[in-house]
There are 2 protein chains.
Amino acid sequence: MREDGRGVADRRTMLLEAAARVIARRGVRGLRVEELAAEAGVSTALIYYHFKNRMGILRATLEFINDRADRYTGERDPDAPPLDARGELLETLLLEFQDDLEVRENSTAWGELRACAVFEPDLQEDVAKSTLVWVQDVAELLGHVHPQAGAAALAMSAERLTALVEGLSSRWLSGSLPLRHARDLVVGAVDAELARLAA
Amino acid sequence: MREDGRGVADRRTMLLEAAARVIARRGVRGLRVEELAAEAGVSTALIYYHFKNRMGILRATLEFINDRADRYTGERDPDAPPLDARGELLETLLLEFQDDLEVRENSTAWGELRACAVFEPDLQEDVAKSTLVWVQDVAELLGHVHPQAGAAALAMSAERLTALVEGLSSRWLSGSLPLRHARDLVVGAVDAELARLAA
DNA sequence: GTCTATACAGCGATAGAC
DNA sequence: GTCTATCGCTGTATAGAC
């Protein structure tokens, strides 16, 4: 997983993987540079060599988990049967609700960074941009199911579905909503939005 | 605001109001006991006299903002025209999306405490309980609109609507979604869920 | 690039007087 | 109940050697 064709992933990437793990375990609020260093097996000074300061770690990690999430979306098993438009939409929205360790890491870290952005203007722009990209992706997938729907209606449906996923994700991660139930709720919401767009 | 018929609100309440303000301003992670003391105009020692420790402040504040939110829901202008069932439902769900200072304080603090609960088992139970109460309230209001709907369907619609509100609230508070748009999205979602329950 | 060592500040929590 | 004063830890960040 940390290998590519050209060798071992570089140090910075390794540090970011460690940062994602620590944030997922302790939260942004609980991220200690010292613990990150231990997790990565390096000294704290090296962290400050690669990142300007604590906020620099957070910003870089946000970018890192966004790139990693993009990779998941792109990577489909080539042997699996091709998905129809609704299937692709569901897959995208349900991506966060999996028991896979790395996915859960991504969801947790993303939720944390989003929550922190409320108080950290330095994060707001990046979070807003990532959210926008996600909303637009979902709007496009909705458009594949209902090509006749208007752009404004697609955008609003996409905003609702993605915000719902974020809300449910937060409940799931805090242990107040079982994974299975969260997935059922998303499926129901998708069908409701598709029904609305069909009308 | 800090008065009632029997005199000035007691000290503990004043401290909790101050705590809600500080959490709304700095977040849970940014809450410093010293700043809370300054905000309330008392010494830090007094904080520890009234609360066991920092976590005790958080737990008490969570309870406080829940009670305060309940009070909003109950208090309606007696001169206003009575609301129909859908109107009551909308009012409950849109309660968080207002430019009122105290309401915004409540939303922000609630979002923070919910986000923190992912990493603080001590908060999870309280957060889950509050969420459950809210979901049940919304389910009941949905039932007033569609008395023939089944309990399971009402519960799932309520879960979706409340989770959506939480997701949108987080976007609003981090400045990536205008208040007005958030409200429109909620109204749309309510109508979609009501249409589903009518079928 | 990476480490060891450490300066320095911030903050939670308590002791003890009034 | 409330304050002043302070302890002691924890955590960010840097200096300087290799």
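Here is the naming used below: chain letters follow the sequence lines, and residue numbers restart at 1 for every chain.
- Using a cutoff of 4.0 Å between basic side-chain nitrogens and carboxylate oxygens, A:E35 and A:R25 are scored as salt-bridged.
- A salt bridge between A:E112 and B:R29 is absent, with no side-chain N of the basic residue lying under 4.0 Å from a carboxylate O of the acidic one.
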Protein-to-nucleotide contact annotation, 5' to 3' order, nucleotides 2-18 of chain D [B base; S sugar-phosphate only; - none; under 4.0 Å, heavy atom]: BBB------SSBBB---
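- The stretch residues 114-125 of chain A has no heavy atom under 4.0 angstrom from DNA chain C at all.
- A cation-pi contact, defined as under 6.0 Å to the ring centre and within 45° of the axis, links A:R104 to A:W172.
- Annotation: A:E34, atom CD; neighbour count of heavy atoms from other residues, nucleotides and ligands within 6.0 Å does not exceed 12.
- The 12-atom threshold is exceeded at CD of B:E91, counting heavy atoms of other residues, nucleotides or ligands nearer than 6.0 Å.
- A:M55 forms part of a hydrophobic cluster together with A:L15, A:L16, A:V22, A:I23, A:V28, A:L31, A:V33, A:L36, A:V42, A:L46, A:I47, A:Y48, A:Y49, A:F51, A:I57, A:L58, A:L62, A:F64, A:I65, A:W110, A:L113, A:L123, A:V127, judged by ILVMFWY side-chain heavy-atom separations under 4.5 Å.
- Across all their heavy atoms, B:Q124 and A:S174 have their closest contact at CD-O, 3.5 Å.
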